[in-house]
Structure formats: structure tokens, C-alpha cells
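Okay, structure first, notes after.
Computed from heavy atoms alone, side chains included, the values below leave out hydrogens, waters and symmetry copies. Proteins get letters first, then strands, A, B, ... in listed order; numbering begins at 1 in each.
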Amino acid sequence: MFAAPAAASEVQTAANGNLAAKLTKLKETFTVCSYCGCGCGILLYSDGERIVFAEGDPDHPINEGTLCPKGNGIIDVYNVVNRKHKRRIINPRRITKPLYRAPGAAQWQEISWDEALARIAKRIKKTRDETFEEKDKNGITVNRTTAIGALGSASLDNEENYLLHKMFRALGIINMEHHARL
Amino acid sequence: MTNHFVDYQHTDVFLMIGSNSAENHPQSMRWIGKAKRNRGAKLIVVDPRLTKSTVYADIFARHRPGTDIPFLLGIMNYAIQNNLYHKEYVVNYTNASYLVNPEFGFNDGLFSGAGEKNGRVTYDKATWQYQKDGETIKKDPTLKHPNCVFQLLKKHVSRYDIKTVSNITGIPEDVYRKVCETFASTGAPNKSGNIIYAMGITQHTTGTQNVRAIAMLQLLLGNIGRPGGGVNAQRGESNVQGSTDLAMLSHLLPGYLGVPNATKHKNLQDYIERETPASGYWKNKPKFLISLLKAFYGQHAAKENDFCFDLLPKVDGKNRTHMGIFQEMMAGNIKGFLAWGQNPAVGGPGASYERKAMEKLDWLVVVDLFETETAAFWHAPGVNPQNINTEVFLLPAAFSYEKQGTVTNSGRWIQWRYQAVNPPGEAKSDLWIADRLFKAIRKEYQSGGRFPDPILKMNWDYDIPGHDEPDVEKVAVEINGYEIGKNEPLDSFGKLKDDGSTACGMWIYTGYMAVDKDLNVPNCKRRSREDSGLGSFLKYSFSWPLNRRIIYNRCAADMDGNPWDPERALFKWDGNKWICHDVPDFGGGKPPRESGAAPFIMLPEGHGRLFASGPVDGPFPEHYEPMESPTENIISKQQAAPCANVFKGDWAKLAELGDPNYPIVATTHRTIEHYQSGAVTRSCPTLAEIGPYMYVSVSEELAKEKGIKPGDDVWVETARGKIKCKASVLPVVKPLIVNGRKVEIVGMPWCFGYQGIVTGPVANDLVPAVGDGNTSIPESKAFMCNIRKA
Ligand code: SF4
């Protein structure tokens, strides 16, 4: 079940410094696994551009250096090995530009961030303004729209969810949910 | 989780039910392994399937999906009948001694007060209340009074004897007796039992009562608030605990404050009067709410204007949960939708219906790493894009290590994670996207619009001059809370005020950004392995609330402050003071008799609830069959959960009891290789390679009967639709004998969809849109199907 890559210091002893020398040229970054709720600590090694290696943080009290397959495969989200050229490239499936799909269109088209944000803001404003209720039928102040829905995410950081919460409530959204309901 | 993963090392007996930790929470399994090796702990696994977790089990009880309540109530009955429960704990720390209204009753599946509304039972809870003398609740510490909670519980669970439980669940009597003996052994004062669960418990029309049953069993055996004990809901995503805390949910504001409701709260005063209890820690609710309003509306929030309470939207009493929202979308009442880091086109119940509902949208915004099934719904297999007029935006997001911020694990540890690389191409952190989108909306409102106040008055100032990214630490400090005028993060929510002099986005996290004086870093950035021996690791990250590692931890010691087991002494009263290995949750360490009088600090009565009037569907759990079931309910004439939420439309179509077209029980599950809907992992080559196929597990008997060989393509069909996938024929599932008849069960992973490196049909297309009466969580874990060779 577990693959426990040895910590850099152990590798040094085992391989007479060879691999460690390679590792020491890399930047080490502490992260927490993005997958299940166990919260394993992971050390990522990058050369500034690509992440070349991930290992369980041996000093983390929960995982003590071990990782499951998902945690072990975590660098794939960013970069993958291109077998033909034998080098790491950005995972080609990642979306790297804002995309827009027009009504009835069969294709995405790339748009700029400015364009995307402005267009979305206009759609939100239109829908909100057309459906906004200041008071309900009993005269209670409700300041809401029931015509916009929003999902937050259990994959986002706390600080991100907090900003989403503020934004959604500011817009008057009450159709607001996420993974925890399912 | 009331406890945390490292604490599992202290458990004597694990009861894992509705969770497959070996695949879905592998670290949990590692700690279970340690407890087995180091202290001879026993592991009981209860699951319809032979899972990787069952391989490590001392007892494997194979039960039928949807029969968790009889299973759990039967253990309570066994413990009471054989006097194995933790008497001292039960008398002192639970409401067992409380007297209940003498009119309270239960008859043939329904509790007193049952009425009907729209074809669904609704209860008048008048008889579910405690008896009072003025303000004092009447009690009988001998537990003998016929109206005391203990006697009512004893009577209620007496119907769940071993034979009956065996009939309903399909677990052979001898196996079930062994389970009862083994787990009830943790009722001994010096023993700790740990119940681990996950979605196998919650995704039922009885989901809330399933969880209640777990909590009650743990109270009865004295297992809550103690090292090695607890009610441990292992949560599926890296930050689902955090996103729940932050209330990405229709019924809450951050920190478990109820959302304002137009039918109940005209204004702030109304809210405070109706929602603030007279006792228990929640009596501080006004401080938490007003501090939240100050965080939200800053200088605009003043006493004179109710701290801008009116700017918060109020809900309308309609079902605004996940399924309610998609039903509204199908009805054309929702025009625009933001799917931010979630993939309902695969993960939603009745997913094919949800994809159809999205066609009704004017606009859809998806923020994600990859082109998920949700982003691609308009060109899904069999869909003609020409017929879909929805405008779709797909915004590229950064992954966890391409930005920085905190996540909260299942054990409530809030950990800071750092940035390793920049996001690829033009991908941006969700923080950046939220910030820029809100600014763009504000810009639109500068030229006017419907009541712009809630938008323009929202406190929103996270820029760092010269930087592209918003200031994540500033956001964190706002969540943490501070005194207005000072920027120091507060170290305790005890310092929050209701006069507008403090701002705090979410009270339960107060302290996570406060600086540790020894280590000189914010608490959530601490990575010290310093420990006093019990594995509390108080200097590693920050555990909410107030860095407590085990909650309700006053219960770790008896009324005199002696630990139940000296080997696992989380707290000990030495005559003058407490010797602590955790942060006490009893008022800064009040003397034992005083703090022991109300150890469940969040409840107004201060005692754990064996009887609870909160749930809509009864003060005790009761067995009802799943909405689709292979058998009549043998314990009462009430066939299915009387208060369940049944939605409308094709996705809620149900097979009748005994329908020969759908004779097989189906359940869904996850795998170690894929994460949730697979939106991320199916786009990662390593994981795609080791988890390539969608399959259905069928028993060897069923395969023989249907002429199915391993690897054959088969159709799995329900009243709502069908999918084609590969058959896996292994003793993973086996027929069970239920109420004297053979019942076949099949299991399917739900991590496949039509996007990614590896693709497959969506198991959730088959799940009915029926939900728990309290929470509306869908019944994904028990429904009826048929299977045939393709
Ligand atoms: S490495 Fe595995 S066990 Fe650890 S958090 Fe990630 S998914 Fe969970």
C-alpha cells in the first residue's frame, strides 16, 4: 500500500552521496497533499522550472515520510515526462489560457483574462439585476438573487474559499454549495 | 473528526464502517496498523464489499448497504443487556439521566408528533423535550425512571437483538455476536474504541441518523473526548473540512453560524434572539456574528445599521442544497452558474440529469485545472453542441503547490503550504481569480445597477503594491480576527466582542495566524516535532478550535480529574492544577467537579445527547429501508425514511419494492488511484495508467447465472438509466441472506467520466435524487439495479 521514498539524508548514505548531490541543487518546498483529508506533508524538489521529485516529509507527524500512490503522483498535475524527448513538459492537459465557448459553437476559443473577467462580470450583473429581490412578499429585506448558483470547492485553500464566500454573498447568491453536501 | 490521525495509535478497538481507509485514507490505515502492532488493537471492518481494508481486519462483517442503523443499535442493545456500557461516563457526561416528556412515544416506526405535509412525515417535536422544574431539567441519576433517556433508549434498541440485526443486515449471527462482544469491550473504563466512517455512512436517506447512531454508541461506551476514541469522520478531500468550516453551503455562514432566513429573522435583533442559546458556548454567538459582519463590511458596519446585517442575502425556505439547485436549474429558474473547482457532471447524483440541467443555463463559468466533464458538458458524447446555447467560460486555475495558503485536514489541523513553481501559462490562483472577478463586477456597478450596496460595501482590499497576487496573509488574518485599529492577529476567540471593536471572518479559526512566541511563525506554519509523549504535537500546525487536538476532552478524565487509563493520561488533576497533554476545552482548566458538570461545552445542557430533539426525523435513530430496497422493512410498517427529501423529475424515478426488473442492490465507492470524480487524477499519466478502467464488481454466483466472464462488457441498469462497463468477477461482493432470501450486491467506482487520459461511464448517472431529510445528502450508497451481458 505504501511506497516510502527514503529521505534525502538516507539516500546520501545509501548511494555514497551521488543522488544527494543531485538533490542538493534543487529547491525544496514543503506542501500538503492535495488529495484525501489525511493531510500528508510532502517535500517537492524543483529546479526552478520543473518539479522533478516528490517524497513524503519524514518529519511530518502524520505520514512520517510515507505517501500513497496519489500523493506520490502529485507532480504529474504540473509536469509529466515526455517519453519521446525524455524531458519534463507541462502536463499537456492543463488549461493555460482562459477559454470561451459561444452559444451553439462547437469549439473553444482563447480569450484574454481582461476580456474573460469583463464579460463574466457583465453576465453576472445582468442576471443579478434582472432577478434581484430587495424585499420578499412579506416585506422582509432579503437582498438576494435566486437566479445565480455557485459551487465553492473542497480543493481550494481556506483563504480562497473565504473570498468566494464573501463574493457570492455580496452578489446575493443563496444557491451556494460544494462537495460537502455530496 | 473529534480526534486526529496520530491519536489512532491509542485505540484498543477500531470499528470501521462505511469507510475503506486502506484506499481512501491510506494514512489512517497506517496508524491503525501501528495500533495493531504496538498495542494489539483489534480492527472490525463493516462493509458490503471485501475491500483492501478488510484484509487487515480481525473481524469482517459483510452487511447490506443501507443497514447501518440496525447494526449500530444492535451493539448498543448488546452493551446495555450485558451491562458492558461505561456507566460512570454515561451518568455524568451524557443526558442519560434526563427525564423526557411522559407523552413521548414510539409506535411502529414513527415517533410521537407525526403529521403529514406534501406526502412526507413532519414531526411536531413538543413531546421530544426534557421535563423541567422551572429552568432546571429533571434528572434521575439512578437511570431507573421509566421516562429517563436511558430507559427510553434501552427500550428503543431492545428491538434490535442479534437475530433481527442478522436478518436485516445479512451478517451471520455468530459474526455479529463477535462484533458486539469485541466493540462493547471498549465500554470498560480503561479501554478506548474508535469509530471511523466516511461516505458509506452519510450517503443515505438515513445519513444523519446513521451518524447519530455512531455518536450515541460512542457516548454509551464512554469513547468520546479520549485518546484512542472518537467519532472520526474521515473526510475525502484535502480541504473539505476547511471548505465546510468556511460554509460553502446554502444553510451556513463561516464558522457554523446559520444563514439568515427570511421566514425567521427580520433583522439582527431577531437573529440574535432566536439563534442564541442561554447556556453553552454558543451563548457567545452574537460576538462571532458581529465580528464576521465587521470583517465583511468593515467601516460600513456600525451599531446604528445593524452592522450591515441586512446586506447579507436571506434564504427563502426552499431547498437550496445541491439537488435543490439542480432541480431549479432544470426548471429554468437559474440562469447563471459558477462551478468553481467542482465537477457535478460526474460527481452529482443523477449526473446525466445535472448535465441536462446545465443546458438550460444562459451562462456557465468553470474554474479548474483541466477541461472537466462539467466544462465540457456541451460536447459530451451524444450531445450536439449546436443545440446548446449556454455561453461557457473556462478559467485556468493554479494547483495546490503553484500558490500558497492553508488547508485543514480531516483531524482539523490547519497547515500552511508553500509555492514550489509558478502556475503554467496564464493559469492563476483561485485567490487571484476571485479578487479580479470581484473587482471587475465592482467596476460594472460603478455606472449603477440594482442595489449595489452589498457589492460596493463589501470589505475588499488585498492588494500588495507591485505584486500581481493578492495578499493571502492579509486574507488569513481577516479570517483569524483582529482588533479594529490593530493588525495583530488575535490568539483566542475569547477576545471577540459584540460591539464592533473586533473583526473576524470565522471565529473557529482564531489563533491560526497568531504568532507562536517560541518559534516566531504563525501557528499554522509551525513544523516542530516537539511532543510531550501522547502524540498531540501541539507545536505542529494549528488545530481548530484553539489548537485542541481532541475535542470534548474534559471527558478524558473522570469526575475527579483522574484519567480513565493512566497510560493515556491526556489530562490529570494533581489536586491543584491540571497536568495537560492537550489544550483543555473546559474553560481554561476549571477544577474537575466544575468542568465535569458540563463537558460538552457546545451544548446548552452541557451533556452528550443520547436523545436529541434536533434531527427532523426522530430523537433516536430507527431503521428504515433505503428508498430503493430489495426487501420489506421487517422492523416496522414504515418502509422507507419517512422524512426523506424526494426530488422531482426523471432523476428521482424509483423502482418499486419487488420490481423484478431491478432485483440487485448497487452501491458506489472510490479507489486508491483516483481522487473523487477523477477530474484531476484521470489527467495524470501515472495514476491513469494504474487506474484505467471503469468496472462493476459482481459476485461469482451472479456472473455464473448471467453468463458473465471477468472483463466482459456489461450493462448496469436502473430506473433512471444505464451504463456500460467491464465486469470484475471476484469474491469482492457476495450474495447475502436477507430476511431469509438471497440478495445480490454490486459495486461501482464513481471516478470515471468522458474527459481525461482514461475515460469511462459515469456511475452517478444511476444514483436517484433522493436525500436525507435533515441534510439532503443523496442516497448514493444503496439503490436497485439489474445487470446483463452487453
Ligand atoms: S498521500 Fe495519500 S494518504 Fe496522504 S494525503 Fe495524499 S491522498 Fe491522502
Side-chain angles (χ1 to χ4, degrees), chain A residues 29 31-32 34-39 44 46 61-63 68 73 76-77 80 90 93-99 101 103-104 106 117 121 123 125 127 129 132 136 140-144 147-163 167 170 172 174-175 177-178 180-181, chain B residues 5 26-27 235 237-238 240 242-244 246 248 262 310 313-315 322 325 334-339 341-342 363 370 385-386 389 392 394 396 399-401 405-406 409-410 415 417-418 420 424-426 430-431 434 438 440-441 444 449-450 454-455 458 472 475 537 675 683-687:
Chain A
T29 309
T31 191
V32 175
S34 64
Y35 295 120
C36 89
C38 288
L44 296 170
S46 63
I62 294 171
N63 58 307
C68 84
D76 277 15
V77 179
V80 298
I90 297 293
R93 304 195 62 83
R94 283 292 291 273
I95 306 298
T96 55
K97 277 190 162 49
L99 299 176
R101 183 261 175 186
L117 293 168
R123 306 296 182 274
K125 179 167 191 288
T127 307
D129 285 2
F132 196 72
D136 69 4
I140 310 288
T141 302
V142 293
N143 286 330
R144 69 184 174 216
I148 304 179
L151 299 176
S153 175
S155 292
L156 264 51
D157 291 353
N158 289 317
E159 294 72 23
E160 295 173 330
N161 272 307
Y162 178 69
L163 282 203
M167 170 161 64
I174 60 169
N175 295 306
E177 287 275 291
H178 88 297
R181 183 77 62 191
Chain B
F5 293 108
Q27 279 307 329
R235 310 213 55 186
E237 291 108 338
S238 54
V240 68
S243 52
T244 307
L246 284 153
M248 305 311 292
D310 267 354
K314 294 191 186 73
V315 294
H322 182 98
I325 291 173
I334 293 180
K335 306 282 179 209
F337 197 67
L338 298 130
Q342 187 173 344
W363 52 268
F370 299 99
Q386 275 178 3
N389 287 321
V392 189
L394 174 53
F399 188 51
S400 59
Y401 48 64
T406 63
N409 84 345
S410 200
Q415 303 186 76
R417 53 185 182 192
Y418 297 83
E426 293 178 25
D430 297 280
L431 200 72
F438 194 63
I441 296 168
E444 292 297 320
R450 281 286 289 282
I455 297 168
M458 184 58 82
V472 63
V475 179
F537 291 104
Y675 174 57
S683 282
C684 292
T686 326
L687 294 166

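Between the side chain of Arg450(B) and the main chain of Phe132(A), a donor-acceptor pair closer than 3.5 Å is present. Formation of a donor-acceptor pair under 3.5 Å by the His178(A) side chain with backbone atoms of Met248(B) is found in this model. Checked by atom type and distance alone, the side chain of Arg101(A) never pairs as donor or acceptor with a backbone atom of Val392(B) at under 3.5 Å. Not one N or O on the side chain of Thr96(A) forms a donor-acceptor pair closer than 3.5 Å with the backbone of Gly425(B). No donor-acceptor pair closer than 3.5 Å links the side chain of Glu426(B) to the backbone N or O of Pro98(A). Glu160(A) contributes a side-chain N or O that, together with a main-chain N or O of Asp430(B), makes up a donor-acceptor pair within less than 3.5 Å. With hydrogens and angles ignored, the 3.5 Å screen pairs a side-chain donor or acceptor of Glu177(A) with a backbone N or O of His322(B).
When every heavy atom of Gly405(B) is checked against every heavy atom of Asp157(A), the shortest pair comes out as CA-OD2, 3.4 Å. Here the shortest heavy-atom pairing between Val77(A) and Cys684(B) reads CG2-SG, 3.6 Å. In terms of heavy atoms, Tyr401(B) sits closest to Thr31(A) at CB-OG1, 4.1 Å. Of all the heavy atoms in Ala180(A) and Thr244(B), the pair that sits closest is CB-OG1, 3.4 Å. Contact record, Ile62(A) with Phe5(B): CG2-CB, 4.3 Å, taken as the closest heavy-atom pair. For the pair Ile95(A) and Phe370(B), the tightest heavy-atom approach, listed with the atom from each and the gap, is CG1-C, 3.6 Å.
Here Pro313(B) pairs with Arg144(A), Arg169(A), Ile174(A) under the side chain to side chain contact (heavy atoms under 4.5 Å, CB included) rule; sequence neighbours left out. Contacts of Arg93(A) classified as salt bridge (Lys or Arg N to Asp or Glu O under 4.0 Å), with partners at least two apart in sequence or in another chain: none.
Only the side chain of Val80(A) has a heavy atom closer than 4.5 Å to any heavy atom of chain B. Of the two parts of Thr127(A), only the side chain, counted from C-beta on, holds a non-hydrogen atom closer than 4.5 Å to a non-hydrogen atom of chain B. Both the backbone and the side chain of Leu156(A) have a heavy atom closer than 4.5 Å to some heavy atom of chain B. Interface residue Phe438(B): backbone and side-chain heavy atoms are both found under 4.5 Å from chain A. Proximity to chain B (any heavy atom under 4.5 Å) is restricted, for Ile140(A), to the side chain, taken from C-beta onward. If you measure heavy-atom distances from Ser46(A) to chain B, the contacts under 4.5 Å come from the side chain alone. Heavy-atom distances place the side chain of Thr29(A), and not its backbone, under 4.5 Å from chain B. Only the side chain of Ile90(A) comes within contact range of chain B, with at least one heavy atom under 4.5 Å from a heavy atom of that chain. Contact of Phe537(B) with chain A is made through the side chain alone, with heavy-atom distances under 4.5 Å.
Leu338(B) places none of its side-chain heavy atoms less than 4.5 Å from the side chain of Leu151(A). No side-chain heavy atom of Ser238(B) sits under 4.5 Å from any side-chain heavy atom of Tyr35(A). A 4.5 Å side-chain heavy-atom check between Val475(B) and Leu163(A) finds at least one atom pair inside the cut-off.
When Arg417(B), Gln386(B), Arg235(B) are compared by the number of non-hydrogen pairs under 4.5 Å with chain A, Arg417(B) comes out ahead. Contact count against chain B (heavy-atom pairs under 4.5 Å) is highest for Ala147(A) among Ala121(A), Ala147(A), Ala106(A). Contact count versus chain A (heavy atoms, under 4.5 Å) is highest, among Pro396(B), Gly336(B), Pro385(B), for Pro396(B). Interface remark: of the candidates Gly73(A), Ala170(A), Gly39(A), Pro61(A), Pro61(A) forms the most heavy-atom pairs closer than 4.5 Å to chain B. In terms of heavy-atom pairs under 4.5 angstrom with chain B, the leader among Pro103(A), Cys38(A), Gly172(A), Ser153(A) is Cys38(A). Ranked by heavy-atom pairs under 4.5 Å with chain A, the list Ala262(B), Gly449(B), Ala420(B), Ala440(B) is led by Ala420(B). Ranked by heavy-atom pairs shorter than 4.5 Å toward chain B, the options Asn158(A), Leu44(A), Val142(A) are led by Asn158(A). Heavy-atom pairs under 4.5 Å with chain A peak, among Ile441(B), Val315(B), Val472(B), Leu431(B), at Leu431(B). For chain B, the option among Thr141(A), Asp129(A), Val32(A), Asn143(A) with the highest count of heavy-atom pairs below 4.5 Å is Asp129(A).
Using a cutoff of 4.0 Å between basic side-chain nitrogens and carboxylate oxygens, Lys314(B) and Asp136(A) are not scored as salt-bridged. Glu444(B) and Lys125(A) are not joined by a salt bridge, as no carboxylate oxygen comes within less than 4.0 angstrom of a charged side-chain nitrogen.
For the 3.5 Å distance criterion, the side chains of Ser243(B) and Asn161(A) fail to qualify, holding no donor opposite an acceptor. Under the 3.5 Å distance criterion, with hydrogens and angles disregarded, a donor-acceptor pair is assigned to the side chains of Glu159(A) and Thr406(B).
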> When you look at Cys36(A) and Tyr675(B), which way does the side chain to side chain contact (heavy atoms under 4.5 Å, CB included) test go after all the steps?
Replying inline: CA-CA 8 Å; Cys36(A) 89; Tyr675(B) 174 57; 5.7 Å; no

